[in-house]
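For the numbers below, each heavy atom of this structure counts, side chains included, while hydrogens, waters and symmetry mates do not. Counting from 1, the numbers follow the sequence of the chain as shown. In this text the structure is predicted, and so the values were computed from the model without any measurement.
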Amino acid sequence: MKKNLNFKKKNGYDWQFFNCGGVMRVKIASGQDIAHLNELDKKMWTVLACPTKGLEIDSNTLKMLDSDNDGRISVKEIVAASQWLTTVLNNPDLLLRQDDFIPISAINTEVEEGKKIERSIRQILNNLGLEKDTISIADTADILAIFNNTRFNGDGIITIKTTDDDAQKAVIQNCIDTIGSKNDRSGEVGIDTEILDEFYKQCADYKAWRMDGESRKEEVFPFGDDTEAAWKAITDIKAKVDDYFVRCNLGCYNDEAASALDVSVARIESISEKNLSTCLDEIANYPLARISADKLLHLDCEINPAWTPTFAVLKTAVLDKCITDGNTLSETRWNEIVALFSKYVEWKAAKPVAAIEALGDDRINEIIKLDQKESLLTLISQDLALESEANEIETVDKLLHLYRDFYLLLKNFISFVDFYDKDRSKKAIFQAGTLYLDQRSCELCMKVNDMAKHNVMADFSGMYLIYCDCVSKQKNEKMTIVAVLTNGEVNDIMVGKNALFYDRNGADWDAQIVKIIDNPISIKQAFWSPYRKFANFIKEQVNKFASAQDEKVTGDVTGKISEAGNNMTTAAQTPTSEDVLNEKKAKAFDIAKFCGIFAAIGLALGVIGDLLKDIFVGFIALRWWQMPLAILGIMLIISGPAMLIAWLKLRRRNLAPVLDANGWTVNARAYISIPFGATLTDMAKFPKIKLDDPFETKKKTPMWRKILYIILVLAVVFAILFFTNKLAGIGLPFHK
């Protein structure tokens, strides 16, 4: 960060600016700065919107700021919160302290909003039985405790604890058991006006329906108190009895069809070998009884075994009472018996939908007689009378959260002060924790809210990004993070590699790499990248060649074994002179082919050898001080372009696309320079001490052998210098 600059808007507020992350940003350093946010040009805001999820800030605070519940915090909502806070507080500078408690004296009681908040604070402390001149987030964290011992809390819901009258308690409980309930602020379940009205409406409707049946008892209940049981006996078997009479009528219509209308022997044979007690569903599909030529159902005839119990109930409950002149039932008489229940069926169809029926007729009549509705509505009205005071308790909770967290959000919204701070113990709210991987720690890790957006946006950041799926066994949760790698090598980093992630609360998560976006990490890494790529290319080509040769050899061997097996089935024959001649030609062809291959290989090796010879001769022809310059020049030719590209990319690494992919609306670049990037990934630092490897083979080289090695090396160097005539200057010329 560079020196602050003052900027005075014409007829406006004096803003302070500073250079942060390579971009000029507004500095928020006082309560007055917060109070005048409505005057700050939106083009000067670093962020125009941020999500309410995936940030290291109290989610309750973000929900309170998100007035339109769209899951995002906008400039408009930030400005509205700043105006409200600086109005209800005596000294806006207190916001910079980020305390989790507020002195009651800090509330501005000169405004009506402040007076309400001050009264509400005192009510909360009184409900909690606390005597102090401050209130904290811990005091308002448990809303249930605040309202636990109060009869009325302003939400329009009454519970059993609201009243001392046993009759009222009983009605409240009946409402809860039948109609339903709502949660009171005290944590208890209760009822409101809507539930109470529905309860008494159902009671009245059910009572009226019952009275209608009683007024027409003789026509509605043909069997008296047994009408319901009689009608159930009829409906259980009515379809089967109707089917029987239709079969009888059809049998009389066509005598030849009579046997087909009875159950066939073949159908019985198909189940005869089974356990028939398990085949009752199949048997139930057979006719009720064998059809009769007189088209009557004889009550003493054999009934389908699957229907015998049901028919017995029908006979006892209905038929024995309706048939007194014989032991048969005609279709006409059957229809007359069913018609007796027509008024009962109409009355039953008119039954209102009433959950209160479960209470029983006696209890419903008692509820209507006692009529506690008006007294319960009075209790609800008394509760609602405290609505404004109760709502102010939520306002106090909101004030406490914003008092603590609003300045923290501003530092990560208007400017990225926390992210670019030299004190690396400070973290931006989008930094989720630390990823430990390959003897390094990545401090810039963010939760991924939308992987699809990251697939589109993240590559534009120019940073080396590692995406990991994380699992916490302690929390039984899963999440995806993206870590920015800004230091070290990447040789062993690959998809599928395991790592360990620690969130901001210190909880550990098992991490596994699922995706990598490759970009330069450092100039050093870029210097070696061409050699690494060339080595990887050679390794891949060797592997491909070896794999191809392995497949070829395996195929040839398999083919020859198969051919030998086929030849074994053919009788051995003496080869003719023509076969011998063909075999010789084939061998001659093979020899010629392989000679050509070896010639080509020799030619290639010769060319490579000549090239290496020319390079060596040219290198030897240089002066001694030119040799290291030549080596350096070759290395620069190879690594220079990669280093230049890396330098350009590293200078333009931008965090904004990654944040945009996470739902932010970033209004200014967030550069990560080379020096700053080095602080975001910390490498392991070991002490410089010599350690003995217990498994290392320790063989001491004899002194005579060391002297011999030195003499041989010096002899080779002398020979090279002598035969290249480099020693002529000291009187040792080489003469051909």
Check whether the side chains of Thr665 and Arg72 place a donor and an acceptor atom closer than 3.5 Å, and report yes or no.
yes
Arg669: which residues meet the salt bridge (Lys or Arg N to Asp or Glu O under 4.0 Å) condition with it, sequence neighbours left out?
none
How about Glu113 and Trp84: does a side-chain donor come under 3.5 Å of a side-chain acceptor?
yes
Which atom pair, heavy atoms only, marks the closest approach of Arg504 to Ala428?
NH1-O, 3.1 Å
Polar contact flag, side-chain donor to acceptor under 3.5 angstrom, Ser136-Asp100:
no
Salt bridge (Lys or Arg N to Asp or Glu O under 4.0 Å) with Asp58: which residues, sequence neighbours excluded?
Arg404
For Leu96, check side chain to side chain contact (heavy atoms under 4.5 Å, CB included) against everything at least two apart and list the hits.
Ile34, Tyr407
Kindly write out the residues that satisfy ring pair (Phe, Tyr, Trp, His ring centres under 6.0 Å) with Tyr671, not counting sequence neighbours, or none if the list is empty.
none
Side chain to side chain contact (heavy atoms under 4.5 Å, CB included) partners for Ala106, two or more places apart:
Leu94, Ile102, Pro103
For the residue pair Phe17 and Trp15, is the inter-centroid distance of their aromatic rings smaller than 6.0 Å?
no
Who pairs with Tyr403 by ring pair (Phe, Tyr, Trp, His ring centres under 6.0 Å), at least two apart in sequence or on another chain?
none
Just checking, any donor-acceptor pair under 3.5 angstrom between side chains of Asn487 and Thr681?
no
Test item: side-chain donor near acceptor, Asn449 and His454, under 3.5 Å
no
Please list all pairs meeting ring pair (Phe, Tyr, Trp, His ring centres under 6.0 Å) that have one or both residues in residues 86-137, counting only residues at least two apart or in different chains.
none
Under the side-chain hydrogen bond (donor to acceptor under 3.5 Å, both in side chains) rule, collect the residues that match up with Ser472, sequence neighbours excluded.
none
My understanding is that only residues two or more places apart in sequence, or in another chain, count here; which of them pass ring pair (Phe, Tyr, Trp, His ring centres under 6.0 Å) with Tyr436?
Tyr502
Residues two or more places apart in sequence or in another chain: which of them pass side chain to side chain contact (heavy atoms under 4.5 Å, CB included) with Ala670?
Phe416, Tyr420, Asn654, Leu655
Just checking, is any N or O donor in the side chain of Thr46 or Arg25 under 3.5 Å from an acceptor N or O on the other one?
yes
Take atom NZ in Lys497; do more than 12 heavy atoms of anything else shown fall under 6.0 Å from it?
yes
Minimal heavy-atom distance between Tyr467 and Ala458, with the atoms involved, is OH-CB, 3.1 Å
Regarding Glu118 and Thr109, is there a side-chain donor-to-acceptor distance under 3.5 Å anywhere?
no
For Asn667, the side-chain hydrogen bond (donor to acceptor under 3.5 Å, both in side chains) test, sequence neighbours excluded, returns none
List the residues meeting side chain to side chain contact (heavy atoms under 4.5 Å, CB included) with Asp155, not counting sequence neighbours, and say none if there are none.
Asn153, Ile157, Asp184, Arg185, Asp383
